[in-house]
Each structure stands twice: as structure tokens, then as C-alpha cells.
Amino acid sequence: MAQRRGNGEASVYKDGSRWRGSVEVGRSIDGTRRRKKVSGKTRAEVVAKIRAIQRTVSAGESPKDDRLTVAAFLDRWLAATLPGTIAPSTLDNYADTVRLHIRPALGHHVLTRLKVQDVDAFLAAKREAGYSPNSVRLMRTILRRALNDAEREGLITRNVAGLSSPPRLHRGPGRSLTIDQTRDLLRVLAEHRLGTLFILMLAFGLRRGEALGLAWSNVDWSRETIHLTHGLKRVRNRAGGDRKTVLMLGELKTARARRTLYLTPELVEMLKRHRAAQAEERSRLGEAWVESGLIFTTEHGTMLDPDNISHVFSRLARRAGLGHWHPHELRHTGASLMLAGGTPLHVVSEVLGHASIAITKDVYGHLSEGDKRSAAEAMTAILLPPARAD
């Protein structure tokens, strides 16, 4: 009767013309023992490989798995490593990018043999296929994060995605309404139930989800401020049921995104009128009203769907004679009007909730050209004053 191997014991045996061996390298998440197999032309070669693996395990590192593919690693990464470290909506975006782009192109590669050239070729193919630089950058970012975790686990020795060439981003300001167009739009918004929503988005350059996530508890009437803490998104439904997606309020990711907006007396009065109109709707519906605590809701008190809001805004823009516009273009318009009014770039950056002033400068820096020209003219007047006539 063959003896059972003890914990950590290795086995070496001849299989036809080759020698093979296996050694325990730890346990899986479910507690089962994991063994790594090796092979060689001679017994000594196999024994040397086993001893090298045992030294690696003794040092607290994971032995390289020469059979683990990029696809298998990414599947485990999405299922076991990422959940709980990022927002559910971000996890959905990562999973979609892996499924649609990274896995089909790179999944067949063995993880330890993935090269920088493979990643560069993948990114170049996506650019040639017409994907935007920002989309390609996102693919690279997700792959780099995944391989960073693989490197941390000891599965690879270097992150080839981090060594790949990042795509150049050409940030543009996007479309902005002119002052005359803005006035035409405001006349239409003043008559609409959700006019206050779009006016706030315009006044502060709010993102759609930020505006829809505003709650009455965020308003400080005495200080005349609104504190942004949460955003509203449509995310994948993980609770089961017939609906594939659900609306969810989530905390804004960064400290700069969680910001305070300072209201003018006119905006305070506008919000008060909106609150009174909402109170009338609540009274009229009675028990049928669903209390969400949000400033902007449906006529039944429930959360507004972001996509529906885009359709509503497009119809209002057409009614104002402007053609099709997207709510995000209110953000560009708000930033442009602030800069045109002389608001410093760093203040605009804080109001918009940009991660850094560098982003604001990349997108809207050209709008401050007039201020730069005025500064140059002022310095020239000091340094090189015109000669006085005799």
C-alpha cells in the first residue's frame, strides 16, 4: 500500500522518457491543497526545480504559474480581488471593458509570458479601430491595475501594462452655449417643472448624477450653501429579479468631488419655490407619494432616471430653438461663463470638483487667454513704457 505524502512533501517519478515531479505550494481560498507540477529530462533537473519552488514558498512568495492565462487571472481578479475595493458601478464598467476588449485580445496569453509588445499592439489596434484616446486609456488603466495586483501576489515579476506606451489625450472643451443661447434656454426652463435642476447644473457646472443626488438635507438655508455628498447612477442589479439595472445613490468618490456650493439670494429663492411646488405634489398624492428626501424627483417622489433627464433636456433645448444638446454640455457652458466673467481658474476647478487644477487648465485653459494677454500688456506698460514726445 502506497504511503500518503506529508504536508509540503514532493514527489519525483519517471513518465516514459521524461521525469516529472510535484510539490505542495499552499492552499486555495477554499482550503484545498495546491500542488505545482514540473518536468525535465533528468531526475536531477526535476529535483532542482522542486527545490527552487520550495525556496520561493519558504520566502513567502508564490511560485510562478506557467499555465495561468490572462483570461483566467482576470476572471478571478474581477470575482475575488476587486469587489469591495471600488464602487459597484465602477466594477461593472471594469467587467464590461475586460469582457469586450481586454479578454478577447489578450486572454489567450499565459500571464507570465505577456510582453510589453503584446500590450502595445493591443492598444494600437484599438486606436486603429476608431476608439477614442480616452477609451483606450481606460483599457490600459484597467489592465495595469489588474497586473499590479498580479505582481503584488507574486504571479508576475513586472507590470507590462505599466511599461506600455500610454495614449496621448487631447482634451477638448466640448460644446458650450453662447450667452444669447443661454438666455433663450433659461426662458424655456423657467416654465418647466425641472427647470431648477438644469439651472443649478448650469450655474455650478454640475454633473448629471451629482445634481440628481442632491438631497434637501444637503441644503444649509442659514449659510445659503449646498453640500455635494452623493451622486445618482444606474447600476447592474445584483439582488436578482427581473430588472437588469437599478438606480442607486452612492457617495462621491473624492474629497474634491464632495464640495460645497455657495448660493446667491436668487438661487435660494428659486430653490424655495421648487420646494413649495414639491410640497404641493406630495400633498396632492398623499400616501401614494414615495419619500426619497431628494430635491429633484419624479411626480411621485421617486428618483429620476439619468437617461430620462437627458431626453427631457434635449426636448427643452429644441423647444428653445437650439437643436439637440446633452445635459453634460451645461457643465461646459457653466465653466465657460465663469471664466468669461473673470472667475480665477483655480476657483472654477474647485466649483467643478475636478481632481486637480491641471484638468481644468487642459480643458478650459484657452478661455483665459484674454486674462493672460491683459497681464502681458500690463507688464509691458511697466517695463517698456512708450517714449515721451519732446
Side-chain angles (χ1 to χ4, degrees), residues 70-107 119 122-123 126 131-153 159 161-162 164 166-167 169 171 174 201 205-215 228-241 243-259 294 303-310 326-328 331 352-356 358-360 362-363:
V70 172
F73 169 73
L74 288 174
D75 290 344
R76 178 172 66 80
W77 181 68
L78 288 170
T81 306
L82 270 189
T85 66
I86 56 178
S89 58
T90 305
L91 179 59
D92 291 341
N93 292 336
Y94 277 29
D96 288 341
T97 300
V98 168
R99 176 176 57 84
L100 296 173
H101 303 287
I102 301 175
R103 203 178 190 279
L106 301 174
V119 179
F122 161 64
L123 298 176
K126 290 299 178 181
Y131 288 93
S132 70
N134 191 59
S135 296
V136 177
R137 178 197 62 82
L138 179 61
M139 297 174 200
R140 179 178 180 270
T141 297
I142 293 172
L143 180 60
R144 184 177 61 184
R145 176 164 182 167
L147 296 184
N148 185 60
D149 284 334
E151 186 178 12
R152 178 176 55 82
E153 294 176 23
N159 187 337
S164 65
L169 294 182
R171 297 184 184 272
M201 291 178 67
L206 296 180
R207 301 176 178 91
R208 183 180 58 179
E210 292 173 341
L212 296 178
L214 286 172
L228 270 66
T229 59
H230 289 74
L232 189 145
K233 290 183 178 180
R234 181 167 287 283
V235 299
R236 190 169 298 161
N237 183 11
R238 291 182 170 81
R243 295 186 178 181
K244 293 183 179 180
T245 61
V246 292
L247 293 175
M248 186 185 74
L249 278 173
E251 189 176 29
L252 297 177
K253 293 181 181 179
T254 65
R256 286 181 68 92
R258 298 187 293 273
R259 58 201 188 274
L294 297 177
M303 292 185 286
L304 288 163
D305 186 294
D307 288 339
N308 289 344
I309 287 302
S310 295
H326 189 275
H328 194 72
R331 179 171 171 83
L352 294 177
H354 277 160
S356 70
I359 295 175
T360 318
D362 285 347
V363 180

So which heavy atom on [X] is nearest to which on [Y], and how close?
X: Arg256; Y: Ser356; result: NE-N, 4.0 Å
X: His326; Y: Ser310; result: NE2-OG, 3.6 Å
X: Ala105; Y: Phe122; result: CB-CD1, 3.4 Å
X: Leu252; Y: Gly231; result: CD2-N, 3.7 Å
X: Pro83; Y: Trp77; result: CD-O, 4.2 Å
X: Leu74; Y: Val98; result: CD1-CG1, 4.0 Å

Would you say [X] and [Y] make side-chain contact, with heavy atoms under 4.5 Å?
X: His230; Y: Glu251; result: yes
X: Met303; Y: Leu232; result: yes
X: Pro166; Y: Thr141; result: no
X: Met201; Y: Arg208; result: yes
X: Asn237; Y: Lys244; result: no

Would you give the length of the straight line joining atom [atom1] of [X] to atom [atom2] of [Y], rounded to the nearest 0.5 angstrom?
X: Arg145; Y: Ile86; atom1: CZ; atom2: CD1; result: 5.5 Å
X: Ile309; Y: Leu304; atom1: CD1; atom2: CG; result: 4.5 Å
X: Leu228; Y: Leu214; atom1: CG; atom2: CG; result: 5.0 Å
X: Leu249; Y: Leu212; atom1: CG; atom2: CG; result: 9.5 Å
X: Asn159; Y: Leu143; atom1: CG; atom2: CG; result: 7.5 Å
X: Asp305; Y: Arg234; atom1: CG; atom2: CZ; result: 4.0 Å

Modelled atom types, side-chain donor and acceptor of Arg258 and Thr229, under 3.5 Å: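 No.
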For His101, which residues count as a side-chain hydrogen bond (donor to acceptor under 3.5 Å, both in side chains) partner, sequence neighbours excluded? Lys126
Should [X] and [Y] count as an ion pair when the cut-off is N to O under 4.0 Å?
X: Glu151; Y: Arg144; result: no
X: Asp149; Y: Arg76; result: no
X: Arg99; Y: Asp75; result: no
X: Arg259; Y: Glu210; result: yes

Any donor-acceptor pair under 3.5 Å linking the side chain of [X] with the backbone of [Y]?
X: Arg331; Y: Leu352; result: yes
X: Arg140; Y: Val119; result: no
X: Ser135; Y: Tyr131; result: no
X: Asp92; Y: Val235; result: no

Asn134 vs Arg137, test: side-chain hydrogen bond (donor to acceptor under 3.5 Å, both in side chains). Steps then yes/no. CA-CA 5 Å; Asn134 191 59; Arg137 178 197 62 82; 3.1 Å; yes
Set out, in order, the CA-CA distance, both residues' side-chain angles and the distance that settles side chain to side chain contact (heavy atoms under 4.5 Å, CB included) for Arg236 and Val246, then state yes or no. CA-CA 6 Å; Arg236 190 169 298 161; Val246 292; over 6 Å; no
